[in-house]
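In what follows, a structure is listed as structure tokens, so that the remarks can point back to it.
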Amino acid sequence: MAEDGKIRDGGIQGRAIFISYRRDDSEGETGRLFDDLVRAYGDASVFMDVAGIQPGLDFRKAIDANVSGCGVLLAVIGPTWASVTGSGGTRRLDNPDDYVRLEIASALKRNIPVIPVLVHDAHMPALDQLPDDMKDLRYRNSVELTHARWNSDVALLIGALKSYVTVNQAHETETVHATIPVQLPAPQAPAQPEPAPKSKLPLWIGIGVAAVIVLVIVIFAVTRINPTPQPQPGPQPAPVDPATAFLGEWQNVETPAFGDDLIRVQVTAEAPESGGRLVVHAWGRCKPDLCDWGEHHAKLNGNELVTEAWELRNTPEETNQQRSAVLRMRSSDTGLTATVRNTYHPKGTTDPRQVETHLQFSKGFR
């Protein structure tokens with residue numbers, strides 16, 4: 001580069017500070033920052049726009065040459081910097097010929113200091129939003145410029161740039177106007193709302209409420225004159241005696257092959273004058289005939305019919321032991337389910353032995 005800052009092959013001028021930005025994202029803030037930097041360092045030290053490239057030159061080479069000659073690159077990042085798309089709908093950062101990508105990637109490749117400048121409350125882009133040749137940008141310390149603290153924020157930035165660029169004292173107090181106008185809204189008096197036309201809605205609501213009140217009064221008067229007859233309760237069904245489910249003759253669905261297992265039961269009810277108690281007559285299986293266990297009274301315990309205990313000694317196996325049996329029966333849709341709890345007291349021992357047998361009974365003797 002020549003002493004006057006110009007590169008002789010192409011007339012491209014290198015500057016000390018290179019400002020990279022997107023017009024659609026942060027044009028106004030970048031123009032304002034350009035003015036402040038020119039005032040501090042002079043116009044020859046700040047490069048901002050590809051519009052400064054001479055006609056006929058390859059903009060890629062021009063950008064690369066200007067970046068290679070700068071001392072620091074400022075990447076101005078607004079809220080849409082990473083997401084803005086081109087005419088084809090593709091993100092501009094995904095285009096290898098994107099100006100911003102070319103500028104920042106060229107500086108990162110040359111290890112030129114790159115300072116992200118965040119405006120409009122923007123945040124640093126996520127790593128997955130940056131192409132491979134720009135991912136190092138995610139790890140560069142950033143500064144923030146706010147509208148409310150613009151002067152102090154820019155003063156801090158200029159102070160940070162002193163390690164890369166020498167301040168031009170001749171321009172430090174010179175007033176420079178922005179090449180690109182800062183797009184800030186002009187103060188405006190609050191607009192006076194036009195008086196809304198009077199609505200007829202309250203009138204219609206009042207008419208509707210009045211109509212409802214009249215209708216309620218008419219209905220009330222009619223029902224007082226001709227009251228609606230109330231239905232008279234019909235005869236209530238007589239309560240069902242749960243004992244009736246057990247009455248009748250019942251046969252074990254499986255005939256025992258041996259022993260004195262229960263094979264038949266008959267449940268009857270005594271006459272009311274005798275107390276109306278339930279009586280269970282039971283028969284066991286004894287070869288070749290039936291063993292009559294006899295009759296015992298039974299009581300309902302909830303939905304279960306429980307008999308008194310039979311004292312049995314009807315089979316050869318029982319000649320040397322005493323046996324008692326209690327029958328518990330439940331009614332089901334398919335018949336009766338019975339549980340026979342046998343208690344054996346062998347002679348010569350004091351420890352009884354209990355055995356339960358579960359049986360299924362169907363209606364009627366066979």
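Residue numbers run from 1 in the order of the sequence given. No hydrogens, no waters, no symmetry mates; every other heavy atom, side chains included, goes into these values.
For Ser20, the side chain to side chain donor-acceptor pair (under 3.5 Å) criterion is met by Glu103, not counting sequence neighbours. Judged as a side chain to side chain donor-acceptor pair (under 3.5 Å), and not counting sequence neighbours, the contacts of Arg60 are Asp58. In this structure, Thr268 has no side chain to side chain donor-acceptor pair (under 3.5 Å) partners at least two apart in sequence or on a different chain. The side-chain contact (heavy atoms from CB on, under 4.5 Å) check on Thr85 picks up Arg91, with sequence neighbours excluded. Take Asp133 and apply the side chain to side chain donor-acceptor pair (under 3.5 Å) test, not counting sequence neighbours, and it matches Arg101. For His120, the ring pair (Phe, Tyr, Trp, His ring centres under 6.0 Å) test picks out no residue, with sequence neighbours left out.
Taking OG of Ser83 as the start and CG of Leu93 as the end, the distance is 9.0 Å to the nearest 0.5 Å. Going from atom CH2 of Trp81 over to atom CG of Leu118 covers 10.5 Å, rounded to the nearest 0.5 Å. Between the NZ atom in Lys299 and the CD atom in Glu308 there is a gap of 7.5 Å [rounded to 0.5 Å]. With rounding to the nearest 0.5 Å, the separation of CZ in Arg149 from CG in Asn151 is 12.0 Å.
Contact check for Ile104 versus Met134: side-chain heavy atoms found under the 4.5 Å cut-off. Between Leu336 and Phe246, the closest side-chain pair of non-hydrogen atoms falls below 4.5 Å. Taking the side chain as every heavy atom from C-beta outward, Arg264 and Trp250 never approach each other to under 4.5 Å. Looking only at side-chain heavy atoms (C-beta outward), Thr334 and Ser362 stay at 4.5 Å or farther from each other. Contact annotation: the side chain of Ile17 never approaches that of Phe47 to less than 4.5 Å [non-hydrogen atoms, C-beta and beyond].
A perpendicular orientation is assigned to the rings of Phe59 and Tyr99, their planes being inclined by more than 60° (bins at 30° and 60°).
Although no hydrogens or angles enter the test, the distance criterion places no donor-acceptor pair under 3.5 Å between the side chain of Ser26 and the main chain of Arg23. Side chain of Thr307 to backbone of Leu327: a donor-acceptor contact under 3.5 angstrom is found. Using modelled atom types, one side-chain atom of Asn252 and one backbone atom of Leu262 make a donor-acceptor pair closer than 3.5 Å. Side chain of His296 to backbone of Ala309: a donor-acceptor contact under 3.5 angstrom is found. Proximity of a side-chain donor or acceptor of Asp136 to a complementary backbone N or O of Leu108 within less than 3.5 Å is not detected. Judged purely by atom type and a 3.5 angstrom limit, Asp153 uses its side chain to pair as donor or acceptor with the backbone of Thr146.
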Evaluate the side chain to side chain contact (heavy atoms under 4.5 Å, CB included) criterion for residues Leu305 and Leu278: first the C-alpha distance (whole Å), next the side-chain angles of each, then the deciding distance (0.1 Å), finally the verdict.
CA-CA 9 Å; Leu305 186 64; Leu278 295 177; 3.5 Å; yes

Stepwise, does the side chain to side chain contact (heavy atoms under 4.5 Å, CB included) test hold for Tyr139 with Leu127?
CA-CA 9 Å; Tyr139 306 104; Leu127 195 61; 3.5 Å; yes

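Both Val267 and Leu300 belong to a common hydrophobic cluster when Ile, Leu, Val, Met, Phe, Trp and Tyr are linked at side-chain heavy-atom distances under 4.5 angstrom. Hydrophobic cluster membership is shared by Val143 and Tyr21, with clusters built from Ile, Leu, Val, Met, Phe, Trp and Tyr side chains linked at under 4.5 angstrom. In this structure, Val265 is not a member of the same hydrophobic cluster as Val279, with clusters built from ILVMFWY side-chain heavy atoms closer than 4.5 Å.
Classification of Asp64 and Arg110 as a salt-bridged pair holds, one side-chain N sitting under 4.0 Å from a carboxylate O. Taking the charged nitrogens against the carboxylate oxygens, Asp128 and Lys135 have no contact shorter than 4.0 Å, which rules out a salt bridge. Taking a cutoff of 4.0 Å between a charged side-chain nitrogen and a carboxylate oxygen, Asp24 and Arg92 qualify as a salt bridge.
With Thr337 as the partner, the side chain to side chain donor-acceptor pair (under 3.5 Å) test is satisfied by one option alone out of Glu304, Gln360, Arg330: Gln360.
Between Arg140 and Met124, the shortest heavy-atom distance links the atoms O-CE, 4.2 Å. Of all non-hydrogen atoms in Ala107 and Val114, the two that sit nearest each other are CB-CG2, 3.7 Å.
Judged purely by distance below 3.5 Å, without hydrogens or angles, the side chains of Glu270 and His297 pair a donor atom with an acceptor atom.
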